[in-house]
Structures are given as C-alpha cells and as structure tokens.
Student: 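So that we are looking at the same thing, I have put the structure below in structure tokens.
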Amino acid sequence: MKDDTVLVVGAGPVGLVLACDLLQQGIPVRLVDAERQATPHSRANVLWPRNLELLHRIGVTDDLLARGHRIRGTRYFSQRRPLGEVSLRRLGDTPYPFALMISQGTTEAVLRDRLAALGGRIDRGVRLVDVDPSGGLPRVKLEHPDGTVEERTFGWLVGADGAHSAVRKQLGIGYSGEPVDVTFAIADADVRTDLPDDLSYYFYSDRGGLALGPLGGGLFRLATTVPHQPEDAAAPGRDLFQSVVDERMPGVNVVGDLAWSATFRVRCRIAETFRAGRCLLAGDAAHIVSPAGGQGMNTGIQDAVNLGWRLGAVVRGRSSEDALDAYEQERRAAAHRVAATTAVQTRFAIAGRSRFRLAARDTVARLAHRTGVLQRYLAPQLSQLDVSYGDPRPLVRRGGPVRPGERLPVLPGPGPAALDASWPLVARDDYTVVVWRGDTAPPGLPDGTPVVRTGPGAVTRQLAEALGPQPVLAVIRPDGHLLGSAPLDDAAAVARLVAVL
C-alpha cells in the first residue's frame, strides 16, 4: 500500500514550519530530531518582513510579534563614524515594515506550540542512519535512544537537519560553494549604551566588524569576526566582547554579563541538488550562507513555505511531481543569490587594513546613502521582499506591474481567498484567480478555484499598482507570488493561463 506520510528529519525552524504547513493541509507528518532536547541557545535572531508575511500562512505571526522586539532599520558605521542607514519603515508594500528581533529558541517554541495544536509531535533522540531510495519510495532506518532500529518506508523524505545533514550525506549529494571562510564569536549580553534600541548596527573597522542587535530589555546580540579557533576552545568571554566594543563603537558602552556565547566557523555551501526523487533538502541541509544580514534562517523558512504548498498539492493529487522540480529550481536560484550577496557583505565588513581600500569602501557607502541607492537596493534585499521566481530581476526594481514570479503585496491567508482594503489575503493552499477591473470569471476554471472579482476601490494602493492599470486575469500562488497574468480582452492568453491551473 502506498504510504503518503512525509518524514521530516530535523525539528529546527525549517522542519517545524514545513511540518505545520503539511499538517494543516491534512497530510500525515512524522517529525524526528536526533537531539534529545531543544537547545536554548541559537545563532539566528531576526525575522525579516517577508518571513513575517509567510509565517502568517501557518498562523504564528501574531504570536511571534507578541514575543519579539521590533526594529525600524539598520545603521552602519566605519571607524566609529556614521556611514548610512537603511529604513524598513519606508517599505510601503508590506503590513510588517520592520524586522523582528527574536531568538531562534523563542521562534522554535512558538512553532512547537503550533505543531502541537495541529496534532503533531517531535520524536526526539531519533537519528536517521540509512536511506534507501532505490525502490521509488524512500526506505529509512531510524535509530531510537534505546538503540533499537526502526525500518520504515515513507511516501516522502525531507532533510531539514542542518549543515551536517544525515539525509544529504546518505543520498550522496555534494555540498560546495563560495570560498568564504570566517569565524564569528557571538553572545547575548546586557549592554549599556546610548544608541537607540529600535535599530540594529554594523560597526566596521580596520580590525574587522561588529554587529549589534537589540533583543529588548537591554539585552543585545553581539557578533564579531575572530581568528579561527580550535574545536576544543573555550567559549569567548566578556573581556573579548568589551574590547571589541571599545575599539569599534562610538561613545561609552559597557558589556554586562553574558547570557551565553559561542564561536562558529562559516563556510558557505550549496547542495548540488535539492531533490533526489522523493527525497528533498531544505534549510541548512541545502545551503549555508554567511550570517551577514541575518539571512540564513529566513532563507530556510522560505524553502519550507515553497516546498510546503508544492508537496501538499502533490500528495493531495492537485499537482504532478513536476511541481517539485520547480521547488528545486526556484530555491536553488534564491540560495545562490543570497549566498552571493551575503558573501559581498562579509567581504565589505572585513576589507582589511589598507587605508586605500577602507577609504574607497567608506566613500562608496556614504555616496550610496546620500543618493538613496543604499535604501533602494539594501532595504528590499535585507527584508527579503525582493525574492523573485521569474526572470532575473535588476538590482533595484522600478515601479510598474508585477511580473510572473515576483511577489505581490498580499498575505497567504489562513482562511478562504479574499481581497480587501485592510490587507489582501489569498488562499493558503490553492491558486487564487483575481479578475482585475472585470466582472466575469473565465470558463474552464477547476472546481473550487478561489475567484475574486475586484477593482481599484476594493484593494490597497500597492496591490492596484502591482496589477497595473489594464483589466487582467491574475493567478496568485499560495505563497503570494504571481503565477501569471493575461489581458482580459485576449481570450487565447486567458485560456492558456487557465489551462495551467
């Protein structure tokens, strides 16, 4: 008998988001994690606007907002002098024009609560030790804490088990990438400073960089580059961070007690494929990027969302397995783009001690700030609102109607499709058909397809601009990206678009 249960290996943010997404579609999920208990400490500590939008899909955004600390942007310094600032408040096409500073541990706690509410659970201490995909369906061996080994065939296997992924290794999938090799020391600590706590900060110097992110209540995340450390090195202490703060931050700032600290070495990697038949990779199992800009966990969450609605449609018989090839194509391209941009940011931060290089870097940054280029380029990139699954987009997107693959200013909703002026919601698990500036839905739509007929007065200004001035039929994906559009007066184009559904 065919088994459509999905085995998700790894109960970090990516595995939890995917499991919640599938469970709310009615798909059975087994979630296992080799660790016996969740760790209270974590590297990731920020959720960007696009991910707050996407997490609305599984109903956790409001809980996260209640537990996190909002920041309005990022300010940059070099040699203690201001370079520029990127404002998220000026992002007009999202209901979340801010970043949420929140520890990964807290994010995972919210996701575990949602998993339990959906009837899911985590099998902790269960380790994947073998995968055999040769029979079509993945057959796995799972080792339990008492040493017993369970053999089981699943319909699908997803490796969300981190950079040292057992799933990826068992499948023999290569893992290589950008030659960025940097070690960071990180800590959460009380910091007494006169700097506003509604901004995050990057302080560059000729000796390296320092990132400072407020977590609320006087607690800050500090991250700084350090020489490579031996594996058995002690965790960095307060004196290290105080010396870096004294050296690179303006004013008088005092580092208090450390809540925790660690060092980690970053080697950027991307898996050679994200899919091998019915086995898939997501998150750090599929890609490791530089921590510059806090993009890693957010990129993994976008993997989970992209995979969730696609895999759900396949298991429910709404799509062919070819839909998962599109997951591979879209998310590999996105991972390469994030890896490239974060590598540039890392090199920007460690420009070296050459006075000429430092002066050139700072001059370019200040000019970009004064001309607005820094805001127009970096704000969409940091917020991840610029992720596109269509043709390669320019560095700075100009106005005009949204093109296929680009994000629309809508929310993936927990309920049926709707478009209203408060904030547009689209169907969570199906395509939404929007008849824009028209009254009649086209013939041939599959039964049950959510259809919305609307005009300029019924939606936000941002969505009206995104759809353009002409009457069109627009098809919106469950993740809020545009599948395609066609002029309403072009019957052949409309028919071709409807045939895709």
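Nothing fancy with the numbering, it's 1 onward along the sequence. Since the structure is predicted, the reported quantities are computational estimates derived from the model, not experimental observations.
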Student: If the threshold is 4.0 Å, N to carboxylate O, is there a salt bridge linking Arg192 and Asp190?
Tutor: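 No.
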Student: May I have the step-by-step check of side-chain contact (heavy atoms from CB on, under 4.5 Å) for Val6 and Val158, ending in yes or no?
Tutor: CA-CA 7 Å; Val6 179; Val158 180; 4.2 Å; yes
Student: Just by distance, no angles: are the side chains of Glu328 and Thr273 close enough, under 3.5 Å, to form a donor-acceptor pair?
Tutor: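 Thr273 and Glu328 do have a side-chain donor-acceptor pair below 3.5 Å.
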Student: Ignoring hydrogens, what is the shortest heavy-atom contact between Ala335 and Val289? Give both atom names and the distance.
Tutor: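 Nearest pair, atom of Ala335 first, then Val289: O-CG1, 4.3 Å.
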Student: Tell me, yes or no, whether the heavy-atom count around Arg318 atom CZ, taken from other residues, nucleotides or ligands under 6.0 Å, exceeds 12.
Tutor: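 Counting other residues, nucleotides and ligands, CZ of Arg318 stays at 12 neighbours or fewer.
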Student: Please find the pair of heavy atoms, one from Thr224 and one from Gly209, that lie closest to each other, and give the distance.
Tutor: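 Scanning both residues completely, I find the closest heavy atoms to be OG1-O, 2.9 Å.
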Student: Determine, stepwise, if the pair Met101 / Arg70 fulfils side-chain contact (heavy atoms from CB on, under 4.5 Å).
Tutor: CA-CA 6 Å; Met101 300 296 296; Arg70 303 182 190 193; over 6 Å; no
Student: Determine the minimum heavy-atom distance between Leu281 and Ala271, stating which atoms define it.
Tutor: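 Looks like CD1-CB, 4.0 Å.
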Student: Could you check if a side-chain atom of Val245 sits within less than 4.5 angstrom of a side-chain atom of Val191, using non-hydrogen atoms only?
Tutor: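 No, their side chains stay 4.5 Å or more apart.
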Student: If only atom types and distance count, is the side chain of Arg269 paired as donor or acceptor with the main-chain N or O of Ala163 below 3.5 Å?
Tutor: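 Side chain of Arg269 to backbone of Ala163, a donor-acceptor pair under 3.5 Å: no, none is there.
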Student: Would Leu7 and Val9 count as a side-chain contact (heavy atoms from CB on, under 4.5 Å) if you check the C-alpha gap in whole Å, the side-chain angles of each, and the deciding distance to 0.1 Å?
Tutor: CA-CA 6 Å; Leu7 173 63; Val9 180; 4.1 Å; yes
Student: Is the number of heavy atoms from other residues, nucleotides or ligands under 6.0 Å of Glu465 CD greater than 12?
Tutor: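 Count over threshold, so yes.
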Student: For a quick check under 3.5 Å, do Arg403 and Ser388 share a side-chain donor-acceptor pair by atom type?
Tutor: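 No pair is found: no donor N or O on one side chain lies under 3.5 Å from an acceptor on the other.
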Student: So, does His69 use its side chain to make a donor-acceptor pair with the main chain of Asp197 at under 3.5 Å?
Tutor: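 Judged by distance alone, yes, a pair lies under 3.5 Å.
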Student: Under a 4.5 Å cut-off applied to non-hydrogen side-chain atoms, are Asn51 and Val305 in contact?
Tutor: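 No, too far: nothing below the 4.5 Å cut-off.
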Student: Would you find a donor on one side and an acceptor on the other, under 3.5 Å apart, between the side chain of Trp48 and the backbone of Gln381?
Tutor: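 No, the answer is negative, given that no donor and acceptor are paired below the 3.5 Å cut-off.
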Student: Is the shortest side-chain heavy-atom distance between Arg50 and Gln302 below 4.5 Å?
Tutor: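 Heavy-atom side-chain distance check passes, below 4.5 Å.
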Student: Between Thr61 and His56, is there a donor-acceptor pair closer than 3.5 Å when you use the side chain of the first and the backbone of the second?
Tutor: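 Yes, because the side chain of Thr61 sits within donor-acceptor range (under 3.5 Å) of the backbone of His56.
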Student: Output yes when a side-chain donor or acceptor of Arg337 lies under 3.5 Å from a complementary backbone atom of Ala333, and no otherwise.
Tutor: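 Such a contact is absent between Arg337 side chain and Ala333 backbone.
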Student: Quick one: does Asp188's side chain have a donor or acceptor within less than 3.5 Å of a partner on Trp260's backbone?
Tutor: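 Pair absent, no side-chain N/O of Asp188 close to backbone of Trp260.
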Student: In residues 469-480, what donor-acceptor pairs under 3.5 Å come from side-chain atoms, sequence neighbours left out?
Tutor:
unit_1 : atom_1 : unit_2 : atom_2 : d
Arg477 : NE     : Asp479 : OD1    : 3.1
Arg477 : NH1    : Glu330 : OE1    : 3.4
Arg477 : NH1    : Glu330 : OE2    : 2.8
Arg477 : NH2    : Glu330 : OE1    : 3.2
Arg477 : NH2    : Asp479 : OD2    : 2.8
Asp479 : OD1    : His481 : N      : 3.3
Asp479 : OD2    : Trp309 : NE1    : 3.3

Student: Is the shortest heavy-atom distance from the side chain of Asp113 to the side chain of Asp63 under 4.5 Å?
Tutor: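 Result no, sub-4.5 Å side-chain heavy-atom pair not found.
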Student: If only atom types and distance count, is the side chain of Ser165 paired as donor or acceptor with the main-chain N or O of Asp161 below 3.5 Å?
Tutor: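 Side chain of Ser165 to backbone of Asp161: no pair is present.
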Student: Can you confirm whether Asp386 sits close enough to Tyr377 that some side-chain heavy atom of one is under 4.5 Å from a side-chain heavy atom of the other?
Tutor: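 Side chain of Asp386 against side chain of Tyr377, heavy atoms only: no contact under 4.5 Å found.
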Student: Cation-pi check, Arg75 to Tyr201: give yes when NZ or CZ is under 6.0 Å from the six-membered ring centre and within 45° of the ring axis, no otherwise.
Tutor: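 No.
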Student: Restricting to non-hydrogen atoms, name the atom on Tyr175 and the atom on His287 that form the minimum distance, rounded to 0.1 Å.
Tutor: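 Nearest pair, atom of Tyr175 first, then His287: OH-C, 3.6 Å.
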Student: Rounded to the nearest 0.5 Å, what separation is found between the OH atom of Tyr202 and the CG atom of Leu210?
Tutor: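 Going from the OH atom of Tyr202 to the CG atom of Leu210 covers 10.5 Å.
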Student: So which atom in Asp33 and which in Ile122 form the shortest heavy-atom distance, rounded to 0.1 Å?
Tutor: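 Between these two residues, the closest heavy atoms are CB-CG2, 4.2 Å.
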Student: Does the side chain of Arg57 come within less than 4.5 Å of Asp429's, by heavy atoms?
Tutor: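 Counting from C-beta outward, Asp429 and Arg57 do come under 4.5 Å.
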Student: Could you check whether Arg248 makes a cation-pi contact with Phe77, meaning its NZ or CZ is under 6.0 Å from the centre of the six-membered ring and within 45° of the ring axis?
Tutor: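 Not flagged: Arg248 not positioned over aromatic ring of Phe77.
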Student: Taking all non-hydrogen atoms of both residues, which atom of Ser200 and which atom of Pro214 are closest, and how far apart?
Tutor: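 Ser200 and Pro214 have their closest heavy atoms at CA-CD, 4.1 Å.
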Student: For residues His164 and Asp284, is any side-chain donor paired with an opposing acceptor at under 3.5 Å?
Tutor: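 Distance-only check fails for His164 and Asp284.
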Student: A side-chain contact here means heavy atoms from C-beta on lying under 4.5 Å apart; do Met249 and Leu195 qualify?
Tutor: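 Side-chain contact under 4.5 Å: yes.
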Student: Hey, could you give me the CG/CG distance between Leu83 and Leu367, rounded to the nearest 0.5 Å?
Tutor: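 Leu83 atom CG to Leu367 atom CG measures 12.0 Å (nearest 0.5 Å).
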Student: Using the ring of each side chain (for Trp, its six-membered ring), is Phe274 parallel, tilted or perpendicular to Tyr327, with breaks at 30° and 60°?
Tutor: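 Tilted, since the angle between the ring planes falls between 30° and 60°.
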Student: Show your reasoning for whether side-chain contact (heavy atoms from CB on, under 4.5 Å) applies to Thr183 and Thr225.
Tutor: CA-CA 6 Å; Thr183 294; Thr225 51; over 6 Å; no
Student: Taking Asp198 first and then Arg72, would you say they form a salt bridge - that is, a charged N and a carboxylate O separated by under 4.0 Å?
Tutor: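 Looking at Arg72 together with Asp198, the answer is yes, because their closest N to O distance falls below 4.0 Å.
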Student: Looking only at the side chains, is there a donor atom on one of Asp21 and Gln25 sitting less than 3.5 Å from an acceptor on the other?
Tutor: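 There is such a pair between these side chains.
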Student: Verify the distance criterion only: is there a donor paired with an acceptor across the side chains of Ser103 and Glu108 at less than 3.5 Å?
Tutor: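 No, no side-chain donor-acceptor pair sits under 3.5 Å.
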Student: Quick check against the 3.5 Å criterion: does Thr299 have a side-chain atom that pairs as donor or acceptor with the backbone of Gln295?
Tutor: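 Looks like yes, one N/O pair under 3.5 Å.
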Student: Can you check whether Ile102 reaches Val46 side chain to side chain, under 4.5 Å on heavy atoms?
Tutor: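 Ile102 vs Val46: side chains apart.
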Student: Would you say the side-chain atoms of Asn253 pair up with the backbone N or O of Pro250, donor to acceptor, closer than 3.5 Å?
Tutor: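 It does hold such a pair.
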Student: Let me check something: any side-chain donor-acceptor pairs from residues 88-97 under 3.5 Å, sequence neighbours excluded? List them with distances.
Tutor:
unit_1 : atom_1 : unit_2 : atom_2 : d
Asp93  : OD2    : Arg407 : NH1    : 3.1
Thr94  : OG1    : Glu53  : OE2    : 2.7
Thr94  : OG1    : Tyr96  : N      : 3.1

Student: Within the side chain of Arg221, is there an N or O that forms a donor-acceptor pair under 3.5 Å with the backbone of Leu212?
Tutor: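 Side chain of Arg221 to backbone of Leu212: no pair is present.
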